[in-house]
Every structure is written in C-alpha cells, then in structure tokens.
Number of protein chains: 2
Amino acid sequence: MSLPHAVLGLLAVAPGTGYDLTRRFEASLSHAWHASHSQIYPELARLQGRGLVQEAGRGARGSRTWAITDQGLAELDRWLVEVQPNRSQRNETALRWFLLPLLPADQRRSALEREIADMLDSTAYLEAAAAGSGEVADDHPFRATAKLGVRINDVMLAWLREQLADT
Amino acid sequence: MSLPHAVLGLLAVAPGTGYDLTRRFEASLSHAWHASHSQIYPELARLQGRGLVQEAGRGARGSRTWAITDQGLAELDRWLVEVQPNRSQRNETALRWFLLPLLPADQRRSALEREIADMLDSTAYLEAAAAGSGEVADDHPFRATAKLGVRINDVMLAWLREQLADT
DNA sequence: GCCATCATGTAATTAGTTACATGATTAG
DNA sequence: CTAATCATGTAACTAATTACATGATGGC
C-alpha cells in the first residue's frame, strides 16, 4: 500500500492542505498514483497518529496545512530504500491493448485510432509538465519523470501506428 | 472495473478452468492486470449468472472448464469499442521513481542500481514472451504487447542510467 | 507414504470509489 | 447576488488482498 508514502513524498516537497494535496496528486502524480480527497483526509489523520506528519498551521476557510516530520522523512527514506516494490499492476490501457487483437479488423482499426488520439493528448500534457508549468518548483528534478513519460508515449505511439498499419 | 473483461478476454482465446485462468493472468497478463484465484472464482460465478460464460465440461479433481458465450463475446467487443477507458492508474514503480530525487545522493544511487537490475530481469522475461514461450498459441498476436513491453523497458533503462550518471 | 501441483472455494480485512453533506471566500 | 473555487469531512458500497480451509492426483 503506497498511499501513505505518496502523501509523505508530496509533503516532503512542500507542506500543504488536504485540498492542495488532492490537486498535486492530480497535477504532478497522476501518471503514477491516483487518490481522491476522500482518501487523503483520513490518511492525513492516520499519518498524524503515527507522528509522520504534523499540523503546521491553520488558514482561511478552516484550512489545515500539514508538514512532514523528521520521523516522516525517515519513514519515506526507509520505504524507498528497504521495501521491495510491488511490481504487480493493473493498467486498463495495457489490458485493452492486449485484448485488441480479439476485435474484427474494422473495429480494431477505429479502436487503434482512438488510442492514438488519446496518446497524442497525453503527450501534449506531459510535454507541458516536462517543460515546467508551475505545478512543482521550477528546477525540481521531478520533471525528469515527465520527460520519461514523453519518451514512453513516443514508443507507444509508434507501436500503435505499426498495429494500425498491420491491420 | 476491468476484471470481468480480462476474464472474458482470456476465455475468448481459449476455454479454461479457474485454476488455469489464474496461471494465465500470471503468465500472459501480468504486465496489464493482476488477479488471484480468490477473485477469479467468484467472478466466473457472476459472469455465469449474466450468461457471459458457461460451463463447458468437468474434468479430474472436480475441475470445471469455462467457455465464453456469444453474449460474452458481444459484451467484450462492446467494452473494447464503446467504453471509454479509465486512464487513472496506480503504479508503485512510477511512484518510486518520482520520489527518488528526495533521497540523498548515495542512497539514490543504490536505489537506481536496484531498479536497473529489476528492469533487466523484466526485459529478459518479456523477451522470452515476445519470442513465444508457449503461454499463448504460437502465432498469436498477443505477443505484440510483449514486444511493446520490451521497447518501453529499453526507454526506462536508458532513463535510469541517465539518472544514475547525473547523481 | 509424502510432497508438489492441481483444483476450488469462503471469510476477514484493507483499499478505493462514489455519493452525501456542509460551509467560506472571491471574482465577476 | 451568484457561480466558481477553496476547503473538509463522512457514509455506503465495491474491489482487492490475505488468510483460512479442503481435497484429488501423480511422481518419486
């Protein structure tokens, strides 16, 4: 279970409110992890209970800003270094691409065309992130993963076009 | 929720028992979807209830062989063509790579080295699958996704090595 | 006879989604 | 004044994991 470490990681970059974290999951972590506010608020409470985050102040509209503690940083490092990652994955896109050969040729072609269009959208989005569009600090190394995403998309796009040509 | 369609897809390739499907998830679908037998048996019962699969015979040790029905094939096609895929994902590897810059340089280097080793293992496995190692029928186009996996791994490996060089 | 593998299920728990519920502030 | 956005939470439900439970067959 990686949600607590995703939250710790985002708070290690900068403190923030639950609402703020929800947007940061969406903006900078959407290719790696997804979490909605209904998961984030209870998780912040649990992490506080474990001493890994603490309230760093309250703002307007009843907002609570959270910061990672030294214990939280230690736990994040431990997880990155010691815990062997769970490589099993569920990826609906990969599942679809795997099953696409089951479709008759004409339906397969139109499905491939839709996938190509979606992939172009995704690449445009990641290129903006790789160029740095304010979601994270300007020179933050996190942008490296967006660049990786662009390269992976290029490979996937080329593959989709080959499949289309072969159909 | 894609589990029912993953099961239908595997049964569209060939009929099989719940036990058999469990192994096929592991062998040919592990890069796209993961499911254990405790999910598969109840799912087969549900699909039977919806008329999308049917029992195609019983074998030794109380085994039940399942086959997809025409209704099941129609549902699978409909899902592939009409349902817009859920692109939100959770990928622990991507999360780790995203958070790696938070580690001090020496720990980051050893973490990157471990990732490189794991990636080489994964590539070896996928290359065997792309060459065709009996998991699916010999000329089955499903092998195309293994080839895509190899190419993606190449890009990821190059990226990891760049990160290591920059650390 | 015993161990590996084949084979099927259920129960308890944890994780994640969707829906419900409420209220403050700000820009137009 | 009103709509968008900021802001936080809980409840109900669905999906997935881990643990429990049992038994057959085949090779050594």
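Chain letters run A, B, ... following the sequence lines, proteins first and then strands; every chain starts at 1.
Residues passing the side chain to side chain donor-acceptor pair (under 3.5 Å) test with N86(B) are S88(B), sequence neighbours excluded. For W33(B), there are no ring pair (Phe, Tyr, Trp, His ring centres under 6.0 Å) partners at least two apart in sequence or on another chain. Taking R114(B) as the reference, nothing meets the side chain to side chain donor-acceptor pair (under 3.5 Å) condition, with sequence neighbours excluded. Applying the side chain to side chain donor-acceptor pair (under 3.5 Å) test to D20(B) and every residue at least two apart in sequence or in another chain returns R23(B), R24(B). Residues meeting the side chain to side chain donor-acceptor pair (under 3.5 Å) test with D118(A), sequence neighbours left out: R87(B).
Counting to the nearest Å, the C1' atom of dT17(D) and the CZ atom of R87(A) are 20 Å from each other. Here the P atom of nucleotide dG9(C) and the CG atom of L21(B) are 12 Å apart, to the nearest Å. For the pair Y19(A) OH and dC6(D) C1', the computed distance is 5 Å after rounding to whole Å. Taking atom CE of residue M1(B) and atom C1' of nucleotide dT14(D), one finds them 8 Å apart after rounding to whole Å. For the pair H5(B) NE2 and dA15(D) P, the computed distance is 12 Å after rounding to whole Å.
A side chain to side chain donor-acceptor pair (under 3.5 Å) check over residues 38-47 of chain A, counting only residues at least two apart or in different chains, returns the pairs S36(A)-S38(A), E43(A)-R46(A). Contacts classified as side chain to side chain donor-acceptor pair (under 3.5 Å) and involving residues 60-74 of chain B (residues at least two apart or in different chains) are given here: E55(B)-R64(B). Pairs of residues two or more places apart, or lying in two chains, that qualify as salt bridge (charged side-chain N to carboxylate O under 4.0 Å, His left out) and include a residue from residues 94-112 of chain B are E92(B)-R96(B).
One hydrophobic cluster holds both L112(B) and L80(A) under the rule that ILVMFWY side chains link at heavy-atom gaps under 4.5 Å. The same ILVMFWY cluster, assembled from side-chain heavy atoms under 4.5 Å apart, contains both L160(B) and L95(B).
Using a 30° and 60° split on the angle between ring planes, W79(A) and H5(A) fall in the parallel class, below 30°. Using a 30° and 60° split on the angle between ring planes, W159(A) and W97(A) fall in the parallel class, below 30°.
Over its length, the helix from dG1(C)-dC28(D) to dG28(C)-dC1(D) turns its helix axis by 30°, as judged from the five terminal pairs at each end, rounded to 10°.
Relative to the side chain of S63(A), the nucleotides dA16(D), dT8(D), dC6(D) differ in distance, and dT8(D) lies closest.
Rounding to the nearest 0.5 Å gives a distance of 7.5 Å between CG of N91(B) and CG of N91(A).
Taking side-chain N and O atoms only, T17(A) has a distance below 4.0 Å to OP1 or OP2 of dT8(D). The side chain of R90(B) contributes no N or O atom lying less than 4.0 Å from OP1 or OP2 of dA15(C).
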For nucleotides 24-28 of chain D, which of its nitrogen or oxygen atoms have a protein nitrogen or oxygen under 3.5 Å away, and what is each distance?
| from | atom 1 | to | atom 2 | distance (Å) |
| --- | --- | --- | --- | --- |
| dT25(D) | O4' | R61(B) | NE | 3.3 |

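Within residues 32-43 of chain B, the residues having any heavy atom under 4.0 Å from DNA chain C are, by residue number, H37(B), S38(B), Y41(B). Of the residues in residues 44-58 of chain A, none lies under 4.0 Å from DNA chain C by heavy-atom distance.
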